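See structure below.
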Amino acid sequence: MTKEKIESILAGYATNKKEGLLPILQDIQAQNGYLTEEILAEVGKYLNLPANKIYGVATFYDQFRFSPCGQFHIRICRGTSCHLFGSSTYLERLETGLKVKAGHVSRDKKVSIEITSCMGACESAPVIRVNDEYHTHVTEEGLKALIQSIKEKTK
Ligand code: FES
């Protein structure tokens, strides 16, 4: 992301207002896909906050990423409901089936897996999101089909 692009996003927010930090980081990530040190430094300058403070906030929330996602970015929920419905086992199956560990991107950059906190759809647990598509009430069979489908699309 260019410095000009960062500046154009920042221009939509009040300067020196630290309440703007989360919305700014969300906005930048939505446009860039992930955050970088340069981005955090620019945001810090704009809000007049030290870089380590910005970094601390950004790393505190699971929603922020510091590396690009794969073409298929899988988010698996580890909130309480999803956990009770077996999301830990599902995570292991995803990692094994797609040969990529959570928090990483496959070597060919096609698949990445992220563990998230509650996605706000607990009544539909377990929930897995692939890019913008939500898979709810995921069953063992559904998970197998999902893994197979991603494998076929990334051949
Ligand atoms: S716990 Fe998974 S959506 Fe809420």
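Counting starts at 1 for both ligands and their atoms, following the listed order. The first residue of the sequence shown is numbered 1, and numbering continues consecutively from there. It should be emphasised that the depicted structure is a prediction, and the values quoted were computed from it without experimental measurement.
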| task | Please confirm if an N, O or S atom belonging to Cys82, backbone or side chain, lies less than 2.8 Å from atom 2 (Fe) of ligand 1. | result | yes

| Under 2.8 Å from atom 2 (Fe) of ligand 1, is there an N/O/S atom belonging to Cys77? |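 True for Cys77.
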
| query | If you measure from the Lys or Arg side-chain nitrogens to the Asp or Glu carboxylate oxygens, is any gap between Lys3 and Glu38 under 4.0 Å? | reply |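 No, Lys3 and Glu38 are not salt-bridged.
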
Numbered atoms and elements of ligand 1 in range of [X], under 4.0 angstrom, heavy atoms:
{"X": "Cys118", "result": "1 (S), 3 (S), 4 (Fe)"}
{"X": "Cys122", "result": "1 (S), 3 (S), 4 (Fe)"}
{"X": "Ser81", "result": "1 (S)"}

[X] versus [Y], closest heavy-atom pair with distance:
{"X": "Glu42", "Y": "Ile6", "answer": "CB-CG2, 3.8 Å"}
{"X": "Thr36", "Y": "Tyr34", "answer": "CG2-CE1, 3.7 Å"}
{"X": "Tyr134", "Y": "Met119", "answer": "CE2-SD, 3.9 Å"}

| query | Counting N and O atoms only, with roles assigned by atom type, does the side chain of Ser87 sit under 3.5 Å from a partner on the main chain of Tyr90, one being a donor and the other an acceptor? | reply |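 Side chain of Ser87 to backbone of Tyr90, a donor-acceptor pair under 3.5 Å: no, none is there.
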
| Is Ala121 in contact with ligand 1, taking contact as a heavy-atom separation below 4.0 Å? |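 A heavy atom of Ala121 does come that close to ligand 1.
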
